[in-house]
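To start, the structure itself, in structure tokens.
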Amino acid sequence: MADAFGATMAMLLFVTLLAGGGIYYIVHLKRRQNDLEETLELQQNAANLHTIIYSTIKDIAELATVREEFTAEIFYEDIKEKFGFKLPFTGVKFQMTYSGVIKCGCDLTRARIPENSITGNRATILLPQCTIIDIYSKPGSCNIISNESGIFADKITLEIQDEMVAKDLEREKNHLISEGILQRANENVCRIVKAQIQAIGINPHVVFLNSSDTRLLN
């Protein structure tokens with residue numbers, strides 16, 4: 001009798017443990033399944049946001065962010081020499097001004113959005129630094145202030161004037177860069193990109209990469 005009762009209790013305990021273990025396994029499995037579905041949903045959402053952000057950036061990829069006009073002055077002076085002696089009546093003094101335009105922008109086609117930076121409605125956008133897109137003189141803007149030359153001096157022709165302007169444009173470009181025009185262009189790009197991305201409900205963190213880090217954009 002006692003043996004039968006013990007066997008019955010052991011069987012009941014076994015069934016209880018088995019049922020409990022089964023319930024735990026089912027609950028645990030369900031929880032893992034829910035976690036997996038949630039992870040997949042987050043990954044899918046991140047992938048969708050990734051696509052949306054890229055599409056939005058492409059819409060402004062051709063954007064020129066800074067366009068500035070400037071006026072520059074050229075002063076040229078020369079005199080012919082022979083055997084170390086300056087030749088009389090060969091001196092030239094020439095002074096002129098011209099107006100130009102400089103454009104700066106960012107190659108937004110190289111933008112990258114690390115997928116691991118997309119959390120909720122936030123994302124990090126990596127951009128290259130802005131560069132000079134173009135610099136040129138405005139047609140018809142040259143104004144000669146003075147042109148003094150000796151009777152044996154070479155005349156300042158239109159071709160020579162164009163060469164002077166071309167050389168001066170390079171000097172003016174370096175001058176404007178030293179004054180921070182590319183930094184202003186970066187600030188404009190950041191402001192425009194943020195506005196475009198925020199308009200689709202995403203809060204972006206814009207990072208401009210230094211030249212040593214641009215490999216991340218390749």
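Every heavy atom of this structure was used, including side-chain atoms; hydrogens, water molecules and symmetry mates were not. Residue numbers start at 1 and run along the sequence shown.
Atoms CD1 and CG, from Ile156 and Asn147 in turn, are 6.0 Å apart once rounded to the nearest 0.5 Å. Here the CG-CD1 distance, from Asn121 to Ile202, works out to 8.0 Å after rounding to the nearest 0.5 Å. To the nearest 0.5 Å, the span separating CG on Leu108 from CD on Gln196 amounts to 10.5 Å. The distance from atom OH of Tyr76 to atom CD of Gln95, rounded to the nearest 0.5 Å, is 14.5 Å. Within the model, atoms CZ of Phe94 and OG of Ser146 stand 8.0 Å from one another, a figure rounded to the nearest 0.5 Å. To the nearest 0.5 angstrom, Leu176 atom CG is 5.0 Å from Ile181 atom CD1.
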Trace of the salt bridge (Lys or Arg N to Asp or Glu O under 4.0 Å) decision for Glu187 with Arg184: CA-CA 5 Å; Glu187 292 170 357; Arg184 296 197 300 276; over 6 Å; no
Test log, rule side chain to side chain contact (heavy atoms under 4.5 Å, CB included), inputs Asp134 and Ile102: CA-CA 6 Å; Asp134 195 12; Ile102 186 169; over 6 Å; no
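A single hydrophobic cluster is not seen to contain both Ile132 and Val101; linkage of ILVMFWY side chains at heavy-atom distances under 4.5 Å, directly or through other members, places them apart. With hydrophobic clusters built from ILVMFWY side chains whose heavy atoms lie under 4.5 angstrom apart, Ile160 shares a cluster with Met96. In terms of hydrophobic clustering, with Ile, Leu, Val, Met, Phe, Trp and Tyr side chains grouped at heavy-atom distances under 4.5 Å, Tyr98 and Ile145 are assigned to different clusters. Residues Val189 and Ile200 share a hydrophobic cluster, clusters being chains of Ile/Leu/Val/Met/Phe/Trp/Tyr side chains in contact below 4.5 Å. Under a hydrophobic-cluster definition in which Ile, Leu, Val, Met, Phe, Trp and Tyr are linked whenever side-chain heavy atoms come within less than 4.5 Å, directly or via other members, Leu169 and Ile144 are assigned to the same cluster.
Looking only at side-chain heavy atoms (C-beta outward), Pro128 and Cys106 come within less than 4.5 Å of each other. The side-chain heavy atoms of Val193 and Ile197, taken from C-beta on, include a pair separated by under 4.5 Å. With contacts defined as side-chain heavy-atom distances shorter than 4.5 Å, the pair Ile133/Cys104 does not qualify. Within the 4.5 Å cutoff, side-chain heavy atoms of Gln198 are placed close to those of Pro204. Contact annotation: the side chain of Lys173 approaches that of Ile177 to within less than 4.5 Å [non-hydrogen atoms, C-beta and beyond]. Counting heavy atoms from C-beta outward, Lys103 and Val66 have side chains that stay 4.5 Å or more apart.
For Arg122, the CZ atom counts as loosely surrounded, since its 6.0 Å shell holds 12 or fewer non-hydrogen atoms of other residues, nucleotides or ligands. Within 6.0 Å of atom NZ in Lys93, 12 or fewer heavy atoms from other residues, nucleotides or ligands are found, so the atom counts as exposed in its surroundings.
A donor-acceptor pair is defined here as one N or O able to donate and one able to accept, closer than 3.5 Å; no such pair exists between the side chain of Asp78 and the backbone of Val92.
Paired with His205 under the rule side-chain contact (heavy atoms from CB on, under 4.5 Å), one option of Ile125, Thr124, Leu126 passes, and it is Thr124.
Shown here for Ala111 and Leu127, the closest heavy-atom pair between the two residues is CB-CD2, 3.5 Å.
Using a 4.0 Å cut-off between charged nitrogen and carboxylate oxygen, Lys138 and Glu69 count as a salt-bridge pair.
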